[in-house]
S.K.: 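Submitted below is the structure of interest, expressed as structure tokens.
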Amino acid sequence: MSKRALIMSEEDNVAIAIQPLKKGDVVEIPNGRVVKAAEDIPISHKIAIAPIKIHEPVIRYGSEIGYATCEIAQGQWVHIHNIDAFDII
């Protein structure tokens, strides 16, 4: 299985796609876990590696980048349509 996404910190609840992901693609994450893409995700966009509840922080590179505006399931695309992002998205 090739590397399809990067996680930069153990605190992250999203990974960054390093190639376009198609619905059903399997993404390896640390500790031998895998996440299946729930939808197509463009390159350099975020995929949830764990469920994120509404109003919970979205964490990338070990820092909060915004808050979920709805429930985000593991494997879903995380972007401006489902988070209230700080200026650094």
Side-chain angles (χ1 to χ4, degrees):
M1 192 178 322
S2 66
K3 190 153 205 101
R4 297 174 181 243
L6 294 175
I7 299 171
M8 302 306 288
S9 173
E10 289 184 19
E11 293 93 31
D12 291 356
N13 56 11
V14 296
I16 307 303
I18 58 174
Q19 62 184 33
L21 300 173
K22 294 290 184 195
K23 181 178 180 177
D25 281 351
V26 175
V27 177
E28 287 183 80
I29 57 175
N31 301 324
R33 298 178 298 154
V34 296
V35 173
K36 187 182 285 189
E39 55 196 305
D40 293 349
I41 300 171
I43 189 170
S44 74
H45 284 239
K46 297 168 292 302
I47 180 173
I49 60 171
I52 305 170
K53 294 184 179 185
I54 191 167
H55 305 300
E56 283 188 342
V58 175
I59 303 171
R60 178 186 71 182
Y61 304 137
S63 298
E64 293 181 8
I65 62 166
Y67 294 90
T69 58
C70 60
E71 301 288 319
I72 302 172
Q74 182 178 17
Q76 278 190 298
W77 180 25
V78 178
H79 197 53
I80 59 173
H81 64 283
N82 56 10
I83 68 172
D84 184 10
F86 305 144
D87 291 337
I88 57 171
I89 194 158

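Note that the structure is a prediction, hence the values are computed from the model and not measured.
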S.K.: Run the numbers on Met8 and Arg60 for side-chain contact (heavy atoms from CB on, under 4.5 Å), then give the verdict.
M.R.: CA-CA 7 Å; Met8 302 306 288; Arg60 178 186 71 182; over 6 Å; no
S.K.: Pairs of donor and acceptor atoms involving the side chains of residues 66-76, under 3.5 Å and at least two apart or interchain, shall be tabulated with distances.
M.R.:
{"residue": "Tyr67", "atom": "OH", "partner": "Glu64", "partner atom": "OE1", "Å": "2.8"}
{"residue": "Thr69", "atom": "OG1", "partner": "Asn82", "partner atom": "O", "Å": "3.2"}
{"residue": "Glu71", "atom": "OE2", "partner": "Ile54", "partner atom": "N", "Å": "3.2"}
{"residue": "Gln74", "atom": "NE2", "partner": "Ile49", "partner atom": "O", "Å": "3.2"}
{"residue": "Gln76", "atom": "OE1", "partner": "Ala73", "partner atom": "N", "Å": "2.6"}

S.K.: Could you check Leu21 against Ile47 for side-chain contact (heavy atoms from CB on, under 4.5 Å), going step by step and ending with a plain yes or no?
M.R.: CA-CA 9 Å; Leu21 300 173; Ile47 180 173; 4.1 Å; yes
S.K.: Give a yes or no on whether His55 atom NE2 has more than 12 heavy-atom contacts from other residues, nucleotides or ligands under 6.0 Å away.
M.R.: no
S.K.: Work out which heavy atom in Arg4 is nearest to a heavy atom in Gln19; give both atom names and the distance.
M.R.: CG-NE2, 3.3 Å
S.K.: Would Val58 and Val14 count as a side-chain contact (heavy atoms from CB on, under 4.5 Å) if you check the C-alpha gap in whole Å, the side-chain angles of each, and the deciding distance to 0.1 Å?
M.R.: CA-CA 7 Å; Val58 175; Val14 296; 3.8 Å; yes
S.K.: Any carboxylate oxygen within less than 4.0 angstrom of a Lys/Arg side-chain nitrogen, looking at Asp25 and Lys36?
M.R.: no
S.K.: Is Val78 reachable from Ile65 through a run of hydrophobic residues whose side-chain heavy atoms are each under 4.5 Å from the next?
M.R.: yes
S.K.: Please find the pair of heavy atoms, one from Pro57 and one from Ile52, that lie closest to each other, and give the distance.
M.R.: O-CG2, 4.0 Å
S.K.: Return the minimal non-hydrogen interatomic distance between Ile41 and Ala17, and the atom names on each side.
M.R.: CG2-CB, 4.4 Å
S.K.: To the nearest 0.5 Å, what is the distance between CD1 on Ile7 and CG on Asn13?
M.R.: 10.0 Å
S.K.: Looking only at heavy atoms, what is the nearest atom pair of Ala37 and Lys22, with distance?
M.R.: CB-O, 3.6 Å
S.K.: If hydrophobic clusters are built by linking Ile, Leu, Val, Met, Phe, Trp and Tyr wherever their side-chain heavy atoms come under 4.5 Å apart, do Ile18 and Tyr61 end up in the same one?
M.R.: yes
S.K.: Can you run down the ring pair (Phe, Tyr, Trp, His ring centres under 6.0 Å) pairs that involve residues 3-50, sequence neighbours left out, and say none if there aren't any?
M.R.: His45-Trp77, His45-His79
S.K.: As an exercise, state the distance from CG of Leu6 to OG of Ser44, rounded to the nearest 0.5 Å.
M.R.: 11.0 Å
